Amino acid sequence: MSSLQRASENRRLLLRLAVAAVAMFGFGFLLVPFYNTICEVTGINRLMKADAQAANSQVDASRTLTVEFDANTHALPWRFSPQQSSVSTHPGELVRVDYVLENTTDKTVVGQAIPSYGPRVAAQYVKKLECFCFQQQTLAPHERRVMPVVFVVDAALPAEVNTVTLSYTFFEVEGAAPVAAAGRAG
Amino acid sequence: MSAIPHGLEHGHDHHHPSGLMRWIQTTNHKDIGTMYLIFSFIMFLSGGVMALTIRAELFQPGLQVVQPEFFNQLTTMHGLVMVFGAIMPAFVGFANWQIPLMIGASDMAFARMNNWSFWLLPPAAILLVGSFFVPGGASAAGWTLYAPLSIQMGMGMDMAIFAIHIMGISSIMGAINIVVTVLNMRAPGMTLMKMPLFCWTWLITAYLLIAVMPVLAGAVTMILTDRHFGTSFFNAAGGGDPVLYQHVFWFFGHPEVYIMILPAFGIVSQVIPTFARKPLFGYASMVYATASIAILSFMVWAHHMFTTGMPATGQLFFMYATMLIAVPTGVKVFNWVATMWRGSMTFEAPMLFSVGFLFVFTMGGFTGLICAIAPIDIQIQDTYYVVAHFHYVLVAGSLFALFSGAYYWLPKWTGHMYDERLGKLHFWCSIIFFNITFFPMHFLGLAGMPRRIPDYNPMFADFNAIATIGAFGFGLSQLIFLFTVIKCVRGGEKAAAKPWDGAEGLEWTVPSPAPYHTFEEPPQVK
């Protein structure tokens with residue numbers, strides 16, 4: 001083999017090996033999407049995705065429950081009623097219902113709502129998170145107010161109960177009105 | 001020199017530059033080989049000083065010598081300097097000197113490129129060692145440069161990255177040169193299966209280098225862009241994944257282990273037949289074993305990562321694949337032992353180092369097998385057991401083979417016999433102090449001492465004190481080698497063309513010292 005022939009053969013091999021080296025440099029970067037795909041497919045390391053849909057695991061979707069709402073006043077000239085008379089819900093589900101309250105008199109009145117439950121056993125399973133009954137309500141003359149109750153019926157509610165009645169009764173808080181009114185005015 | 005395209009007609013110009021310019025401009029494979037060897041020995045000594053500082057700090061519990069920040073820089077730089085500065089260039093030096101002589105070529109295929117690949121190394125070394133003196137000090141992320149540490153370091157880290165880039169380019173050019181030389185430049189009649197085994201192991205090593213050094217370059221480039229250009233390959237805060245770095249790094253890192261040991265296998269395969277005065281047992285199986293080790297080395301990288309939370313199937317695959325490597329390695333050890341079997345053995349320094357290699361490297365191989373077992377590895381990951389293991393294979397493996405080869409070919413390189421008494425003294429000091437240094441580390445690791453710590457529980461004190469004494473003994477023993485080599489270069493008994501009566505191969509057909517130009521006319525191999 002002449003030396004020129006050998007030189008060109010050497011150069012051809014050099015070129016091939018250099019291309020291989022450059023390709024391997026690219027391969028190093030290719031490993032990034034490669035591993036991402038592997039992890040995606042095998043589910044080893046899904047950093048950017050939620051593992052499951054956000055869901056309340058305490059909701060017992062297998063049970064449907066009717067909750068009825070009732071509103072009364074006791075010797076109080078107010079109009080008081082729920083905006084819906086009942087909802088269909090699952091134990092564990094968050095329920096919100098609005099009550100409307102209106103003072104029909106010409107004077108400021110302070111009232112307090114007291115809940116009661118039917119059947120009585122349901123009382124310990126209805127968990128109120130927010131309620132107008134948590135504080136006294138002071139209504140100016142002819143004031144109208146929409147107030148929420150937010151509650152969850154505990155999934156531990158006995159299986160034989162499938163209707164719960166939530167009943168509120170408003171009582172007048174005697175002697176509180178002037179104070180509250182003064183407080184509001186001040 | 002421009003009249004010489006790619007070393008075809010090397011050196012027919014008759015103006016040899018003298019002095020420093022001779023070494024800067026040289027395209028002669030022997031000059032370049034010598035420079036590689038000197039460079040790697042200097043780096044070996046600097047890495048050794050770092051190791052001794054580490055051992056001095058670990059002599060007793062508590063902090064006496066250095067502060068933890070500097071200690072971490074030392075462990076990192078010791079690893080980088082020894083791997084990229086000492087072991088790898090030393091083997092390239094041997095390749096430069098020996099491969100053309102062994103296959104009957106007049107020089108390497110690309111003599112000019114050969115010069116470049118060497119002269120890239122000193123700047124890289126300056127970057128590496130110089131990083132100690134910049135604000136924040138050298139990289140302290142460990143030689144593996146794991147993210148997220150490597151993303152957080154100061155500018156010393158950038159210098160280490162550039163040093164790795166440069167050394168990587170140098171290695172790739174050297175490897176390409178070796179592949180082309182071995183494949184295209186062999187003397188007529190020298191078929192591949194007649195090549196000395198050293199050429200075979202280097203051919204395979206060179207392929208490994210071409211395949212994985214660019215991947216390392218890619219990995220450190222990704223670190224660099226994560227650090228400065230707002231990418232998030234490994235930066236978890238930006239959606240990157242630090243474990244990905246480990247995967248990419250070890251895709252380079254495990255073949256790198258074999259890059260550092262396969263040429264050692266080659267040297268030992270030259271030395272043992274010479275001093276057993278028998279041809280190498282199972283030449284073909286040696287070649288196939290080397291090739292299968294190289295192929296398997298691409299399938300085992302994740303055994304460095306058993307504790308990253310890999311699925312059990314992954315752990316099992318990498319565990320069994322790793323253990324599979326013991327088979328071709330066992331073939332090699334068996335062949336070396338069988339070569340010695342009923343040979344007329346003599347124990348000159350090269351043979352001593354090769355037999356020492358065989359003993360101690362095999363122990364390192366066995367501890368490697370233990371580390372390969374996933375449930376055990378989870379216990380000993382990042383402990384001194386691992387430190388003991390890889391020093392058994394890197395020091396007693398690669399380094400002892402390098403010493404063996406150096407003594408073996410010194411007469412050919414210098415024209416003088418080295419002082420045999422000093423060579424033997426060097427061997428016995430080395431092997432004894434080596435074991436005093438590293439054997440206790442097995443116990444330390446099994447007892448749970450973590451690696452890369454400057455201070456430790458007092459219960460580890462005794463074994464650490466022993467290891468430190470051994471380390472200083474081992475370090476000082478290397479000065480015997482330096483002295484022996486200098487003495488041999490300066491004079492000594494005149495060496496014959498073939499100073500070892502059992503030696504075979506083309507390199508022994510040229511006079512000692514090997515003339516500046518050899519095999520201008522290719523020899524005929526029968």
Side-chain angles (χ1 to χ4, degrees), chain A residues 1-62 90 92-94 129 150 152 155, chain B residues 5-9 105-106 108-110 113 165 168-169 171-173 175-185 188 206-207 209-222 225 231-234 236 239-241 243-249 251-252 308-311 313-314 522:
Chain A
M1 192 195 309
S2 83
S3 54
L4 271 176
Q5 223 177 329
R6 168 176 287 176
S8 79
E9 231 170 71
N10 285 358
R11 215 164 311 149
R12 218 173 23 242
L13 188 52
L14 166 77
L15 201 69
R16 265 191 236 147
L17 293 171
V19 167
V22 172
M24 287 309 289
F25 184 72
F27 177 77
F29 284 86
L30 210 64
L31 284 175
V32 178
F34 175 74
Y35 272 108
N36 283 342
T37 313
I38 289 269
C39 289
E40 185 102 2
V41 169
T42 55
I44 292 174
N45 195 17
R46 292 184 305 171
L47 293 175
M48 312 299 277
K49 262 193 204 142
D51 292 320
Q53 289 297 315
N56 188 341
S57 57
Q58 291 169 346
V59 174
D60 182 0
S62 64
H90 302 299
E93 203 168 32
L94 205 62
L129 307 179
V150 179
V152 172
Chain B
H6 299 282
L8 270 186
E9 307 275 324
S106 55
M108 298 296 281
F110 303 102
M113 190 167 83
H165 277 142
I169 292 169
S171 299
I172 291 165
M173 294 201 311
I176 290 177
N177 218 336
I178 288 166
V179 171
V180 177
T181 307
V182 170
L183 290 186
N184 285 4
M185 309 277 285
Y207 275 119
L209 276 167
I210 295 169
V212 300
M213 284 309 286
V215 177
L216 175 68
V220 295
T221 306
M222 288 185 240
T225 58
T231 60
S232 295
F233 290 107
F234 311 128
D241 190 345
V243 178
L244 172 67
Y245 175 79
Q246 298 189 21
H247 276 291
V248 181
F249 178 84
F251 184 83
F252 147 80
T308 53
M310 210 189 303
T313 17

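Owing to the predicted nature of the structure, the values given are computational and were not obtained by experimental measurement.
Heavy atoms of B:Leu183 lying under 4.5 Å from chain A belong exclusively to its side chain. For B:Met310, no part lies under 4.5 angstrom from a heavy atom of chain A. With a threshold of 4.5 angstrom between heavy atoms, B:Ile172 approaches chain A through side-chain atoms but not through N, CA, C or O. Contact of B:Ala219 with chain A is not made at all, since no heavy-atom distance falls under 4.5 Å. Only the side chain of B:Tyr207 has a heavy atom closer than 4.5 Å to any heavy atom of chain A. Proximity to chain A (any heavy atom under 4.5 Å) is shown, for B:Ile176, by both the backbone and the side chain.
Closest of all the heavy-atom pairs between B:Val215 and A:Gly28 is CG1-CA, 4.2 Å. Pairing each heavy atom of A:Leu14 with each of B:Val180, the nearest pair is N-CG2, 4.1 Å.
Summarising the geometry, atom CG belonging to B:Asn184 is positioned 9.0 Å from atom CZ belonging to A:Arg12; distances are rounded to the nearest 0.5 Å. One finds the CD1 atom of A:Ile38 at 9.5 Å from the NE2 atom of B:His247 (value rounded to the nearest 0.5 Å). Rounding to the nearest 0.5 angstrom, the gap separating the CG atom in A:Leu13 from the CZ atom in B:Phe110 is 7.0 Å.
Residue with the most contacts toward chain A among B:Ile210, B:Val179, B:Asn177: B:Ile210 (heavy-atom pairs, distance under 4.5 Å).
Counting heavy atoms from C-beta on, the side chains of A:Met24 and B:Phe251 come closer than 4.5 Å.
The ring-ring contact (aromatic ring centres under 6.0 Å, His included) search around A:Phe29 returns A:Phe25, not counting sequence neighbours. When the side chain to side chain donor-acceptor pair (under 3.5 Å) test is applied to B:Thr308, no partner is found at least two apart in sequence or on another chain.
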